[in-house]
Participant: 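Let me give you the structure first, and then I'll get to my questions.
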Number of protein chains: 2
Amino acid sequence: MNITIYDVAREANVSMATVSRVVNGNPNVKPTTRKKVQATIERLGYRPNAVARGLASKKTTTVGAIIPDISSIFFSELARGIEDIARMYKYNIILSNSDQNKENELKLINTMYEKQVDGILFMGGTITEDHINQFNTANVPVVLASTYDDTQSIAAVNIDYEAAAYEATKHLLESGDKHPAFVSGTLETTVDQYKYNGYKRALEEASITLNEDLIVKGDYSYESGLDAVKQLAELGKLPSAIFVAADEMALGVIHGVQDSGLKVPEDVQVFGFDNTRLATMVRPTLSTVVQPMYDIGAVAMRLLTKYMNKEEVTEKNVTLPHRIEVRDSTL
Amino acid sequence: MNITIYDVAREANVSMATVSRVVNGNPNVKPTTRKKVQATIERLGYRPNAVARGLASKKTTTVGAIIPDISSIFFSELARGIEDIARMYKYNIILSNSDQNKENELKLINTMYEKQVDGILFMGGTITEDHINQFNTANVPVVLASTYDDTQSIAAVNIDYEAAAYEATKHLLESGDKHPAFVSGTLETTVDQYKYNGYKRALEEASITLNEDLIVKGDYSYESGLDAVKQLAELGKLPSAIFVAADEMALGVIHGVQDSGLKVPEDVQVFGFDNTRLATMVRPTLSTVVQPMYDIGAVAMRLLTKYMNKEEVTEKNVTLPHRIEVRDSTL
DNA sequence: TTGAAAGCGCTAACAG
DNA sequence: CTGTTAGCGCTTTCAA
């Protein structure tokens, strides 16, 4: 049997209410009694039961984090930002992988609600009406991280993916390239679409007619970067510049190019996206879009705490700054 | 106000107990009543409150995972294994980063216990007596993953790090190398010590006198791999083979060697450890020790479920198989 | 500054 | 097969 608040109360000759007060730092306790209670808490090794507390107070100090894949170098960095800030505000994280599968996502949201989380941090591909409906089945704040809700009804923290992709493409264009290729993600997510739009805008602005052959779909993996190069090679000759929607995939592209006997950046320039740690773990080092993953997680969590505390939120949609980092994979 | 089991009972003209039974799949319910109850659950959108359930049943179906750093490519893979199996057994994971800081670890164990987790999955550097004492403040099963407890009192899932390091070193020796260097971790953790011991044993067995200058401490980061090469270069000439205690650090070593104008493996062979995805994301691809991170997490979680269900456990200390994967960074 | 008492929503005997 | 009834350990009025 565990020590309960009742045991402490009895041993300290006070009421449960008083023990509760000292445990929760309520100032309305005479210093003497506080001392006395603290001493017997210490002596008995009393540890408050958070579940009981949660039931009584309707607050669990736990937030749910739904993430596509924690083993991804991108999302694990985001998760770290989330957890650090959560800790700072005394929240714990229930972490679940969704694999960006809608059914999983919906189920996970439900599970989180059953567990009575005080808030949800959601990362995913696409926010559908079903998602929104599911979110609305409970009165719990939700913040999206690196994820868009087209209806703008849910708070979110992102960078401007369209602008970032535009700038990356433009950088390639300014180096004199005629028509950079684009290795995209699956294009099924909103973020993918934005990146694609940015790429297109840069080409349009330079009066370049889009060549669909130069757009290859990948799945963000290293392998798919390798594959993308093969696919582009089938056009007869590799394009002299390739913009890749994620760093890991970009490493695949770099190695694919090198494996085919060509040089980066002399023969083929490669531009990445995210600035994960991988970007400096390759030769030549990868020019890329700097996306502050950790900060996105941290800011999203901070925003969520504001909602959970019912603080006033001035900015529901936060756009964090990004920038271009030029390294050795481009001219 | 939320729908409670009481509301469902009233609307369905049954008792709370019956509703509880159908929610929990208890077979002692007449099919007709079950249907009726299920219908009104559906109609009212009733969602069981896991916190109340946890208080009443003393089971939360939640396990705590204490991990050094979720943003590490190694641990995030482990975490994925943990979560997948947890999901399979209907458990949720509370995930916290410890940064391998003892004080954090002890505090986190306490927090997990406050939250009434049904079990703990612990990953860390060193298990001290304080850890064991802390674990013993609650009657909750604990399993270590990729972490050793020298007293063998806690269940654990590992590979044989000593043997793995021995084999890796031996492989280098058999390629004709006189005295491979060793880039270790901080040597403060038990796993580090085992790797070191394996390295030493291979040298001893080959009657090679250990040269302390050829042992460089790193911190498992890419940067520290780069640094290690610099440090070794100060000896006048780089050794012709380097065994590195982790893949990410090994990439640093490879690039350090290449940046200095030498070739891998012709001038310097490099051997890694872990077989993270990074091993194939470098040129030349990295020869390394295959450690099944995902499986370690998965098996550890599975083991924990056995303890939580009070199933009989035959093997308290699980050693998963490892192997050597020879790629292009060695001759 | 303190205590009494009523729940929070559910499970788990126990009785029928 | 179903209902009654205690709690689970804590917070939170409300009174004193």
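Below, chain A is the first sequence line, B the second, and so on; all start at residue 1.
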Participant: Taking the side chain as every heavy atom from C-beta outward, state whether B:Tyr148 and B:Ile127 have any pair of such atoms under 4.5 Å apart.
Facilitator: no
Participant: For the residue pair B:Tyr46 and B:Val23, establish whether any side-chain heavy-atom pair is separated by less than 4.5 Å.
Facilitator: yes
Participant: Taking B:Ala9's backbone N and O only, do any of them form a donor-acceptor pair with B:Thr40's side chain (distance below 3.5 Å, no angle check)?
Facilitator: no
Participant: Can you list every pair that meets side chain to side chain donor-acceptor pair (under 3.5 Å) and has a residue in residues 312-321 of chain B, with sequence neighbours left out?
Facilitator: B:Gln152-B:Asn317
Participant: From CG of B:Leu44 over to P of C:dG9, roughly how many Å is that when rounded to an integer?
Facilitator: 15 Å
Participant: Rounded to whole Å, how long is the line connecting atom CD of B:Gln116 with atom P of D:dG9?
Facilitator: 9 Å
Participant: Under 6.0 Å from the CD atom of A:Glu103, do we count more than 12 heavy atoms belonging to anything else shown?
Facilitator: no
Participant: Roughly what angle, to 10°, lies between the helix axis at the start of the helix from C:dT1-D:dA16 to C:dG16-D:dC1 and the one at its end, five pairs per end?
Facilitator: 30°
Participant: Any donor-acceptor pair under 3.5 Å linking the side chain of A:Asn158 with the backbone of A:Thr147?
Facilitator: yes
Participant: Output the rounded distance in Å from NZ (A:Lys59) to C1' (D:dT12).
Facilitator: 14 Å
Participant: Which atom pairs, donor and acceptor, lie under 3.5 Å between side-chain atoms of residues 66-75 of chain B and protein residues at least two apart or in another chain?
Facilitator:
unit_1, atom_1, unit_2, atom_2, d
B:Asp69, OD1, A:Arg80, NH1, 3.0
B:Asp69, OD1, B:Ser71, N, 2.9
B:Asp69, OD1, B:Ser71, OG, 2.9
B:Asp69, OD2, B:Ser71, OG, 3.0
B:Ser72, OG, B:Phe74, N, 3.1
B:Ser72, OG, B:Phe75, N, 3.1

Participant: Please enumerate all residues that pass ring-ring contact (aromatic ring centres under 6.0 Å, His included) together with B:Tyr307, with sequence neighbours excluded.
Facilitator: none
Participant: Ignoring backbone atoms, test whether B:Lys58 places a side-chain nitrogen or oxygen under 4.0 Å from the OP1 or OP2 oxygen of D:dG7.
Facilitator: no
Participant: How about CG on B:Asn139, more than 12 heavy atoms from neighbouring residues, nucleotides or ligands closer than 6.0 Å, or not?
Facilitator: no
Participant: Do nucleotides 10-16 of chain C as a string where each nucleotide becomes B, S or -: B if the base has a protein heavy atom under 4.0 Å, S if just the sugar-phosphate does, - if no protein is that close.
Facilitator: BBB----
Participant: Given B:Gln193 and B:Tyr161, is the side-chain contact (heavy atoms from CB on, under 4.5 Å) satisfied, shown in steps?
Facilitator: CA-CA 9 Å; B:Gln193 284 296 339; B:Tyr161 290 99; over 6 Å; no
Participant: Taking DNA chain C as the partner, which of residues 27-36 of chain A come within under 4.0 angstrom of it by heavy atom?
Facilitator: A:Asn28, A:Val29, A:Lys30, A:Thr33
